Amino acid sequence: MAAAIVVGGLTAGWLVLPDAGLRWGLIRTLRDFGMVDVSIAGSNLSLFDGHLKVKDVLARAPLGSSALGVGDIALRFRWGPLFSKRLAIDHLELTGVTIDLRREAGSDVFVLNGLPLALSTEPPPTADAPPVVVAKTAWGIDLAELDLTDSRLLFASGSLKADIAIRRLLVTNLHSQDPDLPVAFTLEGSLNGAPVTMTGTVLPFVPEPSFTLTLTSGGLDLALFQEALGEIGLGGAKGAVDLEAAVVGKLTDTGPTVTATGKADIKAPRLVEPVGLNGDHLALDLKQAVWDGTRLELSADLTGSGLTMSAPPVTVSAAALRIEATPLRWEGRQWSWQGSLGAETLAVKGSGPDIAAAALHLDAAPARLDGNHLIWRGGLNATGLALTGSGPDIAAATIRWTGQAEANGIASANADGRLELESGRLAESDFAVTLGKARAEGKIETGPAKAALPIGAHLKLLTADKIAASATRGARDWMAANRIEAAGLTLSPAGGLAATRMGVEGLTALRRGGPAGYPWRVEARSLRFDRPAYDGTSAVSAGSADIAGLTLRVTRTETGLLGFSFPASGKESSSPAAPLTVALNRLTIGDGSKLWFEDRSLNEPVRLMARPLVLTVTQLDSAHPDRDSPFDLSASIGNATVVASGALRPFADSPGGRVDARITSLELPPLSPYLAEALGVHLSTGHFDGTVRGGATNGALDGQIELTLSNLFIAAPDPNAPLVRQTGMPVETMLDLLRGSDDRIRLSIPVRGRLDSPDFDVSDAVAQAVAGAVSSTVMATLKVAFPFTALISLVTDLGGDNHLSLAPLGFPPGSAALSDEQRQTLDQVAILMRGRESLRLTLCGKAVINEGQALTLQRRNEERPLLSRLERLIGSEPSVTGVEPADRDALIGLANRRAATAKNYLSEQAGIAADRLFTCRGVIEENNDKGPRVDLLL
């Protein structure tokens with residue numbers, strides 16, 4: 001009986017005591033941790049078959065926090081390995097585990113379901129106190145399988161709040177004494193409501209632990225990682241991310257090494273630090289990333305849409321963004337990037353000009369940054385580019401650059417490569433420059449801080465098509481060119497410009513539109529410059545300049561030359577500008593060049609065209625104003641030719657030089673307005689042939705014009721014309737006297753004046769010289785014919801018309817017979833008229849009143865002979881105070897007979913055609929000063 005009781009007791013104890021002891025041990029342990037309310041719904045422990053099961057474990061802290069609970073614990077273990085210090089668990093199953101783990105901000109204490117957990121505060125080892133070496137235990141663990149289902153972990157640390165729901169966690173093959181056997185795990189669950197799937201392997205027991213991980217998640221909030229992101233300087237991160245990642249890592253003595261691939265898709269990304277970021281979408285395609293603890297290398301694509309980034313005062317926005325890295329490397333202060341960056345609808349605003357681009361593409365092959373030293377090889381392509389808001393506005397439809405750039409900070413940078421631009425525009429408030437297409441090859445670099453220009457350039461080649469510069473107001477076009485080419489071009493920060501050679505095709509300059517507009521003032525088919533240079537301040541030079549196909553339109557108005565006067569800009573400089581200096585070894589104008597000249601300053605405009613025009617000038621140098629600049633000029637004006645040569649001193653204080661020119665067959669009627677303006681004479685026909693020789697020394701003009709005028713005839717002249725006043729003789733008579741037997745007029749005209757006098761006008765000087773030459777030539781001609789030219793005078797007769805009067809033929813009172821002296825005078829007149837076929841002579845007989853009184857007295861004596869003799873005897877002959885009408889008629893008849901007698905002598909005796917001789921009606925003069933006579937009027 002006793003034995004049976006003992007055996008029964010042992011059996012009951014074997015069956016009951018393990019379960020009770022297990023429950024008592026779990027409750028005691030949890031209460032030792034500080035839990036005051038601990039309960040276990042049930043337990044089952046089988047020591048024979050190594051089976052343990054616990055149901056509904058619940059533990060609560062005294063402050064009423066959420067309970068720490070475990071739904072079910074199922075464990076299968078084996079006793080045998082325990083004797084070899086191995087804990088062998090074939091299966092561990094946990095269900096319904098609920099853990100609430102929190103850490104307050106600024107604290108190192110974690111609270112587990114309301115129960116504070118003390119963390120080790122043992123200081124790290126120092127050189128004086130080496131670390132304590134703890135002997136490794138000989139125990140090992142073999143866990144064939146861990147299965148955690150329907151569990152939850154609430155974790156809070158500062159701003160990080162994570163709600164981890166584990167639908168199932170499966171861990172297999174955890175064998176500490178077999179370190180090369182990978183521990184596999186699989187996790188399915190959610191993180192803050194975002195589904196998470198994770199699979200991978202771990203080698204935790206090898207000298208360098210390693211792992212592999214595959215992770216997928218959808219809708220994960222980036223704010224969950226804010227605390228971790230803050231440690232690398234990223235603040236205020238938000239957005240929902242869909243994530244796929246594959247990670248391989250290892251812990252080594254030098255640090256962790258990680259290799260990762262994957263994709264991340266972020267909706268509504270936000271970031272506050274270090275830059276502000278807002279966007280609609282971001283997507284990262286991580287092809288490969290490698291981190292060895294000190295060095296990062298990755299290949300990835302980053303795309304985004306609706307992005308705005310701000311780092312005050314700069315804001316950058318883009319409708320679409322794409323960044324490719326193939327690869328990106330980082331190590332310490334060194335960065336290397338090979339790939340591309342693309343953006344659509346890009347806008348940059350802030351300090352400096354605002355930048356906008358419809359599309360931007362940047363290639364790096366590669367770009368390297370070492371501290372402040374940047375080297376970039378690659379290219380840039382932008383469309384719809386615009387820079388506004390600071391300085392001139394700049395726009396380009398397309399800009400492309402390929403080459404290499406290098407910079408040491410912002411102050412020192414250079415770029416060497418090829419630049420292409422299409423549809424460019426630069427505009428300020430007063431002007432705009434447009435460009436159809438341009439291409440440049442060479443190097444540009446930043447200039448000194450206080451330089452006139454921010455950059456300098458050394459270009460092997462520059463070409464530009466469709467260039468135009470115009471004023472933004474007033475419809476003024478300043479310049480346009482079809483093409484500009486330059487080789488060996490250098491642009492200095494001081495503003496200097498130099499080139500080995502430069503060419504311009506299709507140049508036009510100075511045009512204005514609108515009602516008061518005018519066409520291009522200057523056109524040229526091509527310009528060629530050899531070694532052109534500008535020093536940036538005042539000196540312009542070139543070895544040679546060749547201008548082909550030049551059309552120069554010069555229009556003179558009352559206010560100046562049309563199109564060649566420029567309004568003041570309204571901007572005053574603080575210091576006066578240095579005078580411009582010019583040095584040009586040779587200037588050539590030709591190959592179809594022409595000059596259109598129009599003078600609108602006269603009552604009647606003058607229009608001339610000279611073509612072809614050929615001009616060569618050498619040794620132009622304003623730095624040596626005392627040196628001669630030889631020139632050669634040839635041109636055609638209609639059928640006329642102009643050839644000139646000489647030397648000029650255009651830069652002297654008093655301009656000077658010498659000219660030797662010849663003009664042949666120049667039609668004069670187009671120049672008639674000048675004669676009408678200066679001399680009051682309008683030309684009907686006429687040719688000009690002549691030479692111009694002379695020069696100016698120290699501003700004093702000393703020249704001579706030798707001219708021959710052929711077939712020169714004028715319109716009806718004005719008797720009060722300036723030429724008449726200046727010469728003192730009628731115009732038609734002057735021309736008749738000037739024409740030779742060959743119907744030509746030859747004049748030698750000296751021209752004098754002071755070129756440096758502000759009142760000096762060359763045209764006026766020439767007009768006065770012409771009048772003087774005409775007057776002197778006429779007088780010289782008359783002196784040959786009449787030694788007594790002092791008797792030649794200007795009379796006003798015949799209705800007030802001016803006529804040149806030769807020495808009159810005097811007659812005795814009452815006589816109409818020619819004396820020998822009068823016949824000699826008429827012979828001289830005949831000689832003059834025979835040498836000048838166009839000359840006409842008018843003969844006007846004159847009688848005086850005294851002749852009429854003698855006729856009256858004679859008629860009385862005839863009618864009263866006795867009384868008349870008696871009156872004479874006693875000395876009382878009556879005086880005659882008037883002229884009877886019959887005697888007046890006799891006087892007019894006497895005057896007419898005198899004119900007829902002289903005309904008949906010239907016609908019949910001297911051989912002058914009667915149709916060149918004219919008589920006028922006889923006149924009785926009340927004044928007896930000039931006496932009876934015949935006036936000879938030319």
Side-chain angles (χ1 to χ4, degrees), residues 220 222 225 229 232-245 260-289 296-330 335-367 369 374 376-388 395-402 405:
L220 189 62
L222 285 177
F225 306 103
L229 294 174
I232 59 174
L234 301 180
K238 295 182 180 179
V241 58
D242 296 336
L243 183 64
E244 296 180 6
T261 61
K263 294 182 179 181
D265 197 323
I266 307 174
K267 298 177 179 63
R270 300 290 186 272
L271 189 65
V272 175
E273 295 178 353
V275 296
L277 172 66
N278 287 281
D280 298 334
H281 175 259
L282 269 179
L284 174 66
D285 184 1
L286 185 62
K287 297 177 173 60
Q288 185 178 38
L296 173 67
E297 180 175 336
L298 63 84
S299 297
D301 293 342
L302 176 66
T303 60
S305 62
L307 299 177
T308 300
M309 293 174 284
S310 61
V314 179
T315 300
V316 182
S317 63
L321 177 71
R322 180 181 180 87
I323 301 176
E324 296 180 354
T326 58
L328 171 69
R329 296 183 179 91
W330 171 78
W335 291 81
S336 176
W337 170 48
Q338 182 165 327
S340 64
L341 181 150
E344 296 179 6
T345 318
L346 177 69
V348 180
K349 297 182 179 181
S351 60
D354 295 340
I355 303 174
L360 176 72
H361 186 82
L362 184 69
D363 289 322
L369 178 63
L374 171 68
W376 171 39
R377 294 183 179 88
L380 171 68
N381 192 334
T383 59
L385 181 66
L387 282 74
T388 58
T398 302
I399 184 170
R400 291 182 291 270
W401 181 87
T402 56

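Bear in mind the structure is a predicted one, so any value in this text is a computation, not a measurement.
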Exercise. So how far is it from Trp401 CH2 to Leu380 CG, rounded to the nearest 0.5 Å?
Worked result: 8.5 Å
Problem set entry | Close side-chain approach of Asp265 and Glu244, heavy atoms under 4.5 Å | no
For this session: Measure across Lys349 and Asp354 and return the closest heavy-atom pair with its distance rounded to 0.1 Å.
Result: CA-OD1, 3.5 Å
For this session: Answer yes or no: is there a donor N or O on one side and an acceptor on the other, between the side chain of Arg270 and the main chain of Gly279, under 3.5 Å?
Result: yes
Exercise. Looking at OG of Ser336 and CG of Leu328, how far apart are the two atoms once the value is rounded to the nearest 0.5 Å?
Worked result: 7.5 Å
Seminar exercise, completed: For Asp280 and Pro269 the tightest heavy-atom approach is C-CD, 3.9 Å
For this session: Over all heavy atoms of both residues, which pair between Asp301 and Ala325 is shortest? Give the atoms and the distance, please.
Result: OD1-N, 4.4 Å
Seminar exercise, completed: What one should report as the nearest heavy-atom pair of Thr303 and Arg322 is CG2-NH1, 3.3 Å
Problem set entry | Heavy-atom closest pair, residues Gly304 and Leu282 | CA-CD2, 3.9 Å
For this session: Ignoring hydrogens and angles, tell me if any N or O in the side chain of Trp337 forms a donor-acceptor pair with the backbone of Glu324 under 3.5 Å.
Result: yes
For this session: Quick one: pull up CG in Leu220 and CD1 in Ile266 and give me the separation to the nearest 0.5 Å.
Result: 10.0 Å
Exercise. Counting N and O atoms only, with roles assigned by atom type, does the side chain of Thr326 sit under 3.5 Å from a partner on the main chain of Gln338, one being a donor and the other an acceptor?
Worked result: yes
Seminar exercise, completed: The single option from Ile399, Thr398, Leu346 that satisfies side chain to side chain contact (heavy atoms under 4.5 Å, CB included) with Leu385 is Ile399
Exercise. Do the charged groups of Asp242 and Lys263 touch, with an N to O distance under 4.0 Å?
Worked result: no
Problem set entry | Euclidean distance, Arg377 CZ relative to Asp363 CG, rounded to 0.5 Å | 14.5 Å
Exercise. Quick one: CG on Leu374 to CG on Leu369, what's the gap to the nearest 0.5 Å?
Worked result: 6.0 Å
Seminar exercise, completed: Taking every heavy atom of Gly235 against every heavy atom of Leu271, the minimum-distance pair comes out as O-CD1, 3.4 Å
For this session: Please say whether more than 12 non-hydrogen atoms of neighbouring residues, nucleotides or ligands are located less than 6.0 Å from NZ in Lys287.
Result: yes
